Amino acid sequence: MASQDPTLLKLHSARSDLKTLLQASSEAQHNITQTETRFSLYQQSLSTASRRILPLQSLTMSRKALDARITRAVSPAVELLNTFKRTEGLQAKLVTFSAELSSEKSQQRRLEKLVEYVGCVEEVKEGIEKICEEVEMVVQRLQEVVEFVSRTKAADQGRDVRLKDALVTLKVLYEREVDEMRFEGLLDQALLHVQDEFEELLLRMKHRNLRDLVNQRGGEERELGSEMEVEALGRISTTLAANDCMDICIDIYLKARYRRAAKALMKLNPDYLRTYTPEGIDEMEWETLETAITLWIQHFEVAVKKVLFSEKKLCEKVLGDFMEGLVWPECFIKISDKIMAVFFRFGEGVARSSKEPQKLFKLLDMFESLEKLKPQISQIFEGEPGADICTRFRELEKLIIDASSKVFWEFGLQIEGNIDGLPPPQDGSVPKLVRYAINYLKYLTTVNYKTSMIKVLRTQQTWRGKGGSSETSGNETLTEEDLLKHAISNVMEALQRNIESKRLCCRDKVLVHVFTMNTYWYIYMRTKNTQLGEVLGEKCMKEGYKAVAEECAYLYQKQAWGGLVKVLDGEDLREEGKGSVGRVVSEKVETFFKGLNEVCEKHGRGVYSIPDVDLREQMREATVRVVVPAYADFLESYSEFLNNKKGYPSVERVKGLVVKAFDGERLRRKGSASGDWNVARNSGSLERDVARAGSNGGDV
């Protein structure tokens, strides 16, 4: 029953488990004691091992630090050597490109290879720059490593030697190879080659035939060079500037483009520009000077609007990237300055030369051409670099305005000063001076020169007004037309005073009226229905010239033919007796014919010359109307007293004599030139004409 009691069973079981647990604890205690003993032994062993490993640990850390130092120095050195290798490869490529350039015949292909060649030069330059930037740093780091290794003895002897050898090699490379690569190697040769190609390409860009541009006024000049050529020039200039060759590049550009521009202009044969001093210009024949001025106007326009305008665009494209665009304007002005100076000095020489009247029209041509060029001058030579050229251009225009004004005013003074006290031409014809002056003024008032002359007068008046001159205070309000009228009227008044002086010197009572009639009629007829007449006004022409001519025509007829008519007057016959009437009538007829023969002979010999056809016809008809009826009436009234045996001429015979007297002038002048002078093409000097006229006694 006890064995079956659950409580006892549980107690026995617990006792058994507890006993087992105690035995296990005893064994665990024993094991722990043994483990502690072993741990103590392990700890003693680890302490001993730690004491032995510690120096090795320090050595390992030192080696890692040394490896880091060496790696930091050697890696850039390796990269530097790789750069050297790449640069050497590019240099070999340069040699190949150079050979291909020399052998290439096609210009297009040559330009393409030239661009590639320049690109290769840029790569070589970049490689050398990189080497130059890094080599000093690499040498310095290797130097530090070698010093560290030598000082700390951290590396074995072999590594130490290798590091020192590498250092020595890099130092030699730094001291010799780098400078040689920069200044004496293939890069230097390549830059010289590029400079030659740069110059050759610049010289190859030629202006078109300027003779065609002179003939095709207003045509556009084509741009210099193709797009590929301009690109090549731009790449070359940039490359040269990046290699410290900017001065050389600019020098090559200036010489080449000036040479090309000057050579293009020289093809126009501007030999006239060699003579530019006022004294030299005064010695030139007028025909030569006239041609020279015409060529100067054409060539100057071509030089500015075509040649220099094209040069400016090319210069901007090629050198525009230098120093933020500050270089190319100076370069362009240096090219332009010499060319413009040559044209300026010729124009200045003409303006400062003697003020002969025929120069006025060429001076006005020069002035008008400068006026047309003014916008282009301001555009092409804008900014501070072109200020001197613009200033000289304005000074030249001012000189030409002043010269034009002086020539015109001195023309009137020369006419006034030609009052030499000599009589009019021996035949009473129009003096050469009058013909010259009238046609001179007619040509001045044509469309070609009227506007230019008004501008000159207005500008001159403005300058005088600014100077405070009192002479122009009364003319400041004049219109442009009135200003020209005032100036021309002064010349016409001087011409009238000259005519009147010759009139007063003439002792022949008939000739003085013939001369005055011819001269004033010439002025009126040559001025009528012309622009000169419009400027002077109809009232001035009729009252000042036509009325005087008509009055002198009446006086001429009265003086030359009126005496003959008076001879035939029968008033005195009424006082005579019948016995003496026949004698007196015969005497009158003989006196009439004697006088008629004298007058007709003088007209026939040209003593009394009437060159103008219309005027001569009018005077012939008027004379016939005066003389012939008077003779007919006389014959009819006194025919019974005339001795028919003497055969007195009939009325028709008398009419024929009178008509022949005037027709003789026409026949005498037949076949000779009688047209007006063309002042624009006149090659004579007014001074020479006047002198020649004076030496001929005024007969011109």
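Because the structure is a prediction, the values reported are computed rather than measured.
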Please assess T391 against R394 for the test side chain to side chain donor-acceptor pair (under 3.5 Å), listing each intermediate value before the final yes or no.
CA-CA 5 Å; T391 299; R394 289 192 296 270; 3.3 Å; yes
List the steps and the verdict of side-chain contact (heavy atoms from CB on, under 4.5 Å) for K455 and E368.
CA-CA 10 Å; K455 288 180 183 178; E368 194 61 32; 4.0 Å; yes
Test K655 against E652 for side-chain contact (heavy atoms from CB on, under 4.5 Å), laying out the working first.
CA-CA 5 Å; K655 181 178 180 181; E652 293 300 323; 4.3 Å; yes
Show, in sequence, the C-alpha distance, side-chain angles and deciding distance for M492 and I488, and conclude whether the side-chain contact (heavy atoms from CB on, under 4.5 Å) test is met.
CA-CA 6 Å; M492 294 298 294; I488 291 179; 4.1 Å; yes
Verdict with reasoning, I610 to W521, per side-chain contact (heavy atoms from CB on, under 4.5 Å):
CA-CA 10 Å; I610 305 177; W521 185 257; over 6 Å; no
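Aromatic ring centres of F361 and Y440 lie closer together than 6.0 Å.
Annotation for M366 and I297: closest pair N-CD1, 3.8 Å, computed over non-hydrogen atoms. Here the shortest heavy-atom pairing between V624 and P629 reads O-CD, 3.0 Å. The two residues K355 and Q414 have their closest heavy-atom pair at O-NE2, 3.9 Å. Shown here for V626 and A630, the closest heavy-atom pair between the two residues is O-CB, 3.5 Å.
Separation of atoms CZ (F408) and CG (L441) is listed at 6.0 Å; rounding is to 0.5 Å.
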Residues 534-558, side-chain donor-acceptor partners within the protein, below 3.5 Å, at least two apart:
residue: Y556; atom: OH; partner: W561; partner atom: NE1; Å: 3.2
residue: Y556; atom: OH; partner: H603; partner atom: NE2; Å: 2.5
residue: Q557; atom: NE2; partner: A622; partner atom: O; Å: 3.3

Give every donor-acceptor pair under 3.5 Å between a side-chain atom in residues 503-520 and any protein atom, sequence neighbours left out.
residue: D508; atom: OD1; partner: V510; partner atom: N; Å: 2.9
residue: D508; atom: OD1; partner: L511; partner atom: N; Å: 3.1
residue: D508; atom: OD1; partner: Y608; partner atom: OH; Å: 3.4
residue: D508; atom: OD2; partner: Y608; partner atom: OH; Å: 3.3
residue: H513; atom: NE2; partner: K509; partner atom: O; Å: 3.4
residue: T516; atom: OG1; partner: V512; partner atom: O; Å: 2.7
residue: N518; atom: ND2; partner: G428; partner atom: O; Å: 2.8
residue: N518; atom: ND2; partner: V514; partner atom: O; Å: 3.2
residue: N518; atom: ND2; partner: S609; partner atom: O; Å: 2.6
residue: T519; atom: OG1; partner: F515; partner atom: O; Å: 2.8
residue: Y520; atom: OH; partner: E500; partner atom: OE2; Å: 3.0

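Remark: K450 pairs with E481 by the salt bridge (charged side-chain N to carboxylate O under 4.0 Å, His left out) rule, at least two apart or across chains. Partners of Y272 according to the ring-ring contact (aromatic ring centres under 6.0 Å, His included) rule, which considers only residues two or more places apart in sequence or in another chain, are H299, F346. Residues passing the side chain to side chain contact (heavy atoms under 4.5 Å, CB included) test with E587 are R583, sequence neighbours excluded. Evaluation of the ring-ring contact (aromatic ring centres under 6.0 Å, His included) rule for F393 yields no partner, not counting sequence neighbours.
Using a 4.0 Å cut-off between a side-chain N of Lys or Arg and a carboxylate O of Asp or Glu, K305 and E301 qualify as a salt bridge. Using a cutoff of 4.0 Å between basic side-chain nitrogens and carboxylate oxygens, R620 and E617 are scored as salt-bridged. Between D365 and K362, at least one side-chain N (NZ, or NE/NH1/NH2) sits under 4.0 Å from a carboxylate O, which counts as a salt bridge. Classification of E416 and R497 as a salt-bridged pair holds, one side-chain N sitting under 4.0 Å from a carboxylate O.
Ring-plane geometry between F593 and Y631 is classed as perpendicular, the angle between the planes exceeding 60 degrees on a 0 to 90 degree scale with a lower cut at 30.
Checking S429 against D427 by side-chain atom types alone, a donor-acceptor pair falls below 3.5 Å.
For the pair R345 and Y276, the cation-pi test (distance below 6.0 Å, angle within 45°) is passed.
At a threshold of 4.5 Å between non-hydrogen side-chain atoms, the residues K359 and W286 count as touching.
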